[in-house]
Student: 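Okay, handing you the structure first.
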Amino acid sequence: MANVVLVGAQWGDEGKAKVTDLLSKNADLIVRVQGGCNAGHTVVVNDNTFKFHLIPSGILYGDKICIIGAGTVINPEVLNKELESLKEKNISVNRLYISPKAHVTLPFHIDFDKGNETKAGKRKIGTTHRGIGPTYSDKYARIGLRVEDFTEPRILVEKLEWLMPLKNALLKDIYGMSTYTVDEIYNYCMKYRFIFEKHMSDVTYLLQKAVNNKQNILFEGAQGTMLDIDHGTYPYVTSSNSSAGGACTGAGLGPSYIDRVIGVSKAYVTRVGEGPFATELNDETGKAIQDIGHEFGTTTGRARRCGWFDALVANYAVFLNSLDCMAITKLDVFDSFDEIKLCVAYRDKRNNTLYDYYPCSSHLLKYLEPVYETYPGWKTSIQNCRSFDELPENAKKYLKRIEELIGIPVAIVGVGPNRDQTIVIEDPIHGPKRELLTKV
Ligand code: GDP
Ligand code: IMO
Ligand code: MG
């Protein structure tokens with residue numbers, strides 16, 4: 001038995017879904033633990049592309065139990081579309097279970113998200129406009145609606161009769177937006193009630209049974225470490241704990257049940273939305289990474305900002321998540337590059353102080369510039385390589401240097417978007433447990 005947490009080690013879109021798909025083969029249950037339809041997860045199987053926002057990509061395997069856990073926020077309209085599109089592709093969704101404790105995104109949450117971004121002007125976060133922040137705000141203010149409320153219409157009406165005057169006052173007076181009647185929101189909820197009635201289940205009990213039966217649970221992360229509400233580049237973050245700790249709180253089980261934590265990083269870095277990004281390339285090289293890597297968001301279609309791999313970010317993620325090993329995806333994007341850079345330190349422009357760790361203060365970041373090492377490219381396609389030995393020497397050197405800098409094994413390498421375009425260097429689940437000391 002091995003219960004595995006998979007997390008993004010950068011700012012999201014690291015290629016987590018492809019690694020989840022790989023690891024799902026050996027899992028019995030796959031659990032989404034946080035975030036909502038801000039996530040966009042792409043899996044390519046035999047050149048067929050599947051895009052997921054809420055449902056764990058493990059649903060592609062016919063025999064796996066898939067769970068949307070308590071820590072997530074669910075937009076019922078998006079969930080409905082996702083279910084329909086899977087059914088159209090003849091993929092059974094009968095094994096999807098949803099926690100009654102998960103919170104629900106309603107139309108006014110999306111209005112508030114858009115309104116906040118407009119009002120913020122140049123201080124905007126660059127959110128996905130999916131209502132994520134406002135849904136989590138209501139959850140923490142303890143005024144949110146949960147999945148279980150959809151199955152008790154009388155309670156739902158009572159809650160809405162109390163909530164809507166409050167939301168309408170804000171919508172009208174502060175945001176200058178249209179309001180909703182209780183009936184409108186109630187009818188919206190009733191339209192999607194059938195989904196929750198069908199899929200709602202006692203997730204704690206399911207997990208407890210799975211643990212007792214020594215089944216394998218895979219906790220599928222969304223977003224990434226640097227977007228974590230507490231430990232990311234605040235305020236340019238999402239509204240949930242997208243680092244490994246979020247798996248325990250979001251699924252609802254204690255940390256002793258986690259056997260292994262696996263991080264996913266691209267061979268470079270991307271970021272969507274605003275916020276600090278030390279190794280960002282606003283030049284032709286950045287554009288080349290964007291074009292070759294097709295770096296446009298799965299959820300919003302926005303162009304992703306691109307830059308060199310940042311070992312300080314990676315090291316921060318190693319400690320914060322207690323990573324046992326790392327998957328490095330999209331190495332093939334560098335196939336035509338003459339040279340590749342790796343950020344190994346930051347230098348303070350004001351006094352030349354060097355940092356070999358990711359600094360905690362967000363105010364300091366604006367004074368820091370990356371210090372790079374440069375590596376020669378391999379100038380050949382690696383898309384058909386299926387073992388570490390088959391990789392060109394320069395690609396091996398680049399990976400070995402990353403491994404040295406982050407202090408944990410690179411267990412998986414992505415060499416293309418297809419399911420089979422993956423190199424497994426060492427068993428990511430049953431490999432040796434690493435020492436908990438980190439490289440600082
Ligand atoms: P996630 O949010 O972390 O699951 O990542 P996304 O699915 O949003 O973005 C990753 C994109 O890169 C997707 O379009 C994947 O199909 C693609 N991808 C994943 N791994 C590789 C890889 O190793 N090479 C290439 N070229 N593309 C990859
Ligand atoms: P996956 O799971 C990349 C970013 C947004 C924005 C910030 C806050 O596909 O890796 P939000 O809508 O969450 O309030 O936006 O977080 N963001 C992501 N960036 N991948 C994601 O998910 C993201 N989910 C949120 O772009 O900068
Ligand atoms: Mg994504």
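Counting convention: from 1, in listed order, for ligands and their atoms alike.
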Student: Work out whether the distance between some heavy atom of R304 and some atom of ligand 1 is less than 4.0 Å.
Tutor: yes

Student: Could you tell me, atom by atom, which parts of ligand 2 come under 4.0 Å of a heavy atom of G12?
Tutor: 3 (C), 10 (O), 20 (N)

Student: Is there a polar contact between ligand 1 and Q383, counting only N or O atoms under 3.5 Å apart?
Tutor: no

Student: Would you say E14 and ligand 2 have an N/O pair spaced under 3.5 Å apart?
Tutor: no

Student: Under 3.5 Å between any N/O of T128 and any N/O of ligand 2: does that happen in this structure?
Tutor: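 Between T128 and ligand 2, an N or O pair is found under 3.5 Å apart.
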
Student: Any N or O of R130 that comes nearer than 3.5 Å to an N or O of ligand 2?
Tutor: no

Student: For atom 13 (O) of ligand 2, what's the nearest protein heavy-atom neighbour? Residue, atom name and distance, please.
Tutor: T238 OG1, 2.6 Å

Student: With a cut-off of 4.0 Å, which atoms of ligand 1 are near a heavy atom of G414?
Tutor: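 Heavy-atom distances to G414 below 4.0 Å select 23 (O).
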
Student: Tell me, do L368 and P359 make a side-chain contact under 4.5 Å, heavy atoms counted?
Tutor: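 Touching, per the 4.5 Å side-chain cut-off.
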
Student: D63 and R95: salt bridge (Lys or Arg N to Asp or Glu O under 4.0 Å), yes or no, with the steps?
Tutor: CA-CA 8 Å; D63 56 340; R95 296 154 290 108; over 6 Å; no

Student: Of the protein's non-hydrogen atoms, which lies at the shortest distance from atom 13 (C) of ligand 1, and what is that distance?
Tutor: T42 CB, 3.7 Å

Student: Would you mind listing which atoms of ligand 2 come within a distance below 4.0 Å of any non-hydrogen atom of A39?
Tutor: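 The atoms of ligand 2 under 4.0 Å from a heavy atom of A39 are 1 (P), 2 (O), 9 (O), 22 (O).
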
Student: Please indicate whether any nitrogen or oxygen in G416 is less than 3.5 Å from any nitrogen or oxygen in ligand 1.
Tutor: yes

Student: Does ligand 2 come near enough to I132 that some N or O of the ligand is less than 3.5 Å from an N or O of the residue?
Tutor: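 No; the residue has no nitrogen or oxygen that sits under 3.5 Å from a nitrogen or oxygen of the ligand.
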
Student: Between T285 and W308, is there a side-chain donor-acceptor contact under 3.5 Å, judged purely by atom types and distance?
Tutor: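 Absent: no donor and acceptor within the cut-off.
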
Student: Can you find a heavy atom in the side chain of K87 that is under 4.5 Å from one in the side chain of E82?
Tutor: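 They are not in contact (no side-chain heavy atoms under 4.5 Å apart), so the answer is no.
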
Student: With distance as the sole criterion, is a donor-acceptor pair present between the side chains of H109 and D138 under 3.5 Å?
Tutor: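 There is such a pair between these side chains.
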
Student: Walk me through whether D149 and K159 qualify under salt bridge (Lys or Arg N to Asp or Glu O under 4.0 Å).
Tutor: CA-CA 9 Å; D149 296 327; K159 286 194 175 182; 3.1 Å; yes

Student: Closest by any non-hydrogen atom to atom 20 (N) of ligand 1: pick that one out of E14, K18, Q421.
Tutor: K18

Student: Can you list the atoms of ligand 2 that are under 4.0 Å from a heavy atom of K16?
Tutor: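 Taking each heavy atom of K16 in turn, ligand 2 has 1 (P), 2 (O), 10 (O) under 4.0 Å.
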
Student: Atom 12 (O) of ligand 1: which protein heavy atom is closest, and how many Å away?
Tutor: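 The closest one turns out to be K330 NZ, 3.0 Å.
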
Student: Distance under 4.0 Å to a non-hydrogen atom of A17: what atoms of ligand 1 satisfy this?
Tutor: 4 (O)

Student: Are F150 and F196 an aromatic pair by the rule of ring centers under 6.0 Å?
Tutor: yes

Student: Strictly under 6.0 Å, is that where the ring centroids of Y357 and Y346 end up?
Tutor: no

Student: Quick one: does ligand 2 sit under 4.0 Å from the side chain of Y236, the backbone, both or neither, non-hydrogen atoms only?
Tutor: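 Within the 4.0 Å criterion, Y236 makes no contact with ligand 2.
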
Student: Do any nitrogen or oxygen atoms of T127 lie less than 3.5 angstrom from nitrogen or oxygen atoms of ligand 2?
Tutor: no

Student: Among R305, K287, R271, exactly one meets salt bridge (charged side-chain N to carboxylate O under 4.0 Å, His left out) together with E280. Which residue is that?
Tutor: R305

Student: Around atom 23 (C) of ligand 2, find the nearest protein heavy atom and jot down its residue, atom name and distance.
Tutor: Q223 CG, 3.7 Å

Student: Counting only heavy atoms not in D283, do more than 12 fall under 6.0 Å of its CG?
Tutor: yes

Student: Stepwise, does the ring pair (Phe, Tyr, Trp, His ring centres under 6.0 Å) test hold for Y268 with F334?
Tutor: CA-CA 9 Å; Y268 46 93; F334 285 144; 5.7 Å; yes

Student: Decide whether an N or O pair under 3.5 Å exists between K16 and ligand 1.
Tutor: yes

Student: Could you tell me whether some N/O pair between G133 and ligand 2 is separated by less than 3.5 angstrom?
Tutor: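 No, no N or O pair falls under 3.5 Å.
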
Student: Would you please name every residue forming a salt bridge (Lys or Arg N to Asp or Glu O under 4.0 Å) with K16, sequence neighbours left out?
Tutor: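 Partners of K16 by the salt bridge (Lys or Arg N to Asp or Glu O under 4.0 Å) criterion, ordered by chain and then number, come out as E14.
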
Student: At a 4.0 Å cut-off, with the gap strictly under it, does some heavy atom of G40 reach an atom of ligand 1?
Tutor: yes

Student: Within 45 degrees of the ring normal and closer than 6.0 Å to the centroid, is that where the cationic atom of K400 sits relative to F388?
Tutor: yes

Student: Taking the minimum heavy-atom distance to atom 26 (N) of ligand 1, which of V19, V415, D21, D332 ranks first?
Tutor: D332

Student: Check whether any side-chain heavy atom of I292 lies under 4.5 Å from a side-chain heavy atom of F337, and answer yes or no.
Tutor: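 The answer is yes; the side chains approach within 4.5 Å.
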
Student: Would you please determine whether S239 falls within less than 4.0 Å of ligand 2 on a heavy-atom basis?
Tutor: no

Student: Numbering the atoms of ligand 2 from 1, which are under 4.0 Å from a heavy atom of A222?
Tutor: 2 (O)

Student: Could you give me the CA-CA distance, side-chain angles and deciding distance for K81 and E84, then say whether salt bridge (Lys or Arg N to Asp or Glu O under 4.0 Å) is met?
Tutor: CA-CA 5 Å; K81 275 199 195 126; E84 288 306 314; over 6 Å; no

Student: Please compare L227, V272, N38 and report which has the shortest non-hydrogen distance to atom 18 (C) of ligand 2.
Tutor: L227

Student: Say whether D13, considering both its backbone and side-chain N or O atoms, lies within less than 3.5 Å of an N or O atom on ligand 2.
Tutor: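 Checking ligand 2 against D13, an N or O pair does fall under 3.5 Å apart.
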
Student: Kindly confirm or rule out an N or O of D113 lying under 3.5 angstrom from an N or O of ligand 2.
Tutor: no

Student: Will you find, in the side chains of K18 and T329, an N or O donor that is under 3.5 Å from an N or O acceptor?
Tutor: no

Student: Between K191 and Y188, is NZ or CZ placed under 6.0 angstrom from the six-membered ring centre and within 45° of the ring axis?
Tutor: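 No.
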
Student: Can you list, by chain and residue number, the protein N, O or S atoms under 2.8 Å from the Mg ion (ligand 3)?
Tutor: D13 OD1, G40 O

Student: Can you tell me if T380 and D335 form a side-chain donor-acceptor pair at under 3.5 Å?
Tutor: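 There is no such pair (donor and acceptor under 3.5 Å, judged by atom type) between the side chains of T380 and D335.
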
Student: What are the atoms of ligand 2, with element, lying closer than 4.0 Å to any heavy atom of V237?
Tutor: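 It comes down to these atoms of ligand 2: 7 (C), 8 (C).
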
Student: Have a look at G293, G12, G15 and point out the one with the heavy atom closest to atom 5 (O) of ligand 1.
Tutor: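 Comparing heavy atoms across G293, G12, G15, the nearest one to atom 5 (O) of ligand 1 lies in G15.
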
Student: Which of the numbered atoms in ligand 2 are below 4.0 angstrom from a heavy atom of W11?
Tutor: 3 (C), 19 (N)

Student: If you count the atoms of ligand 1 from 1 in the order shown, which ones are under 4.0 Å from a heavy atom of H41?
Tutor: 1 (P), 2 (O), 4 (O), 7 (O)

Student: Can you tell me how far apart CG (L96) and CD1 (I67) are? Round to the nearest 0.5 Å.
Tutor: 9.0 Å

Student: To which of G126, G273, G15, S240 does the heavy atom nearest atom 6 (C) of ligand 2 belong?
Tutor: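 Closest candidate by heavy-atom distance is G126.
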
Student: Tell me which one of T300, D113, T238, T105 satisfies side-chain hydrogen bond (donor to acceptor under 3.5 Å, both in side chains) with N38.
Tutor: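 Considering T300, D113, T238, T105, a side-chain hydrogen bond (donor to acceptor under 3.5 Å, both in side chains) with N38 is found only for T238.
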
Student: Side chains of K341 and T279: does their closest heavy-atom pair fall under 4.5 Å?
Tutor: no

Student: Answer with yes or no whether the side chains of E88 and S85 bring together a donor and an acceptor at under 3.5 Å.
Tutor: no

Student: Given the ring of Y236, does R123 sit roughly above its face, with NZ or CZ under 6.0 Å from the centre of the six-membered ring and within 45° of the axis?
Tutor: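 That pair does not qualify as a cation-pi contact.
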
Student: Does any N or O atom in R302 lie less than 3.5 angstrom from one in ligand 2, N or O only?
Tutor: yes

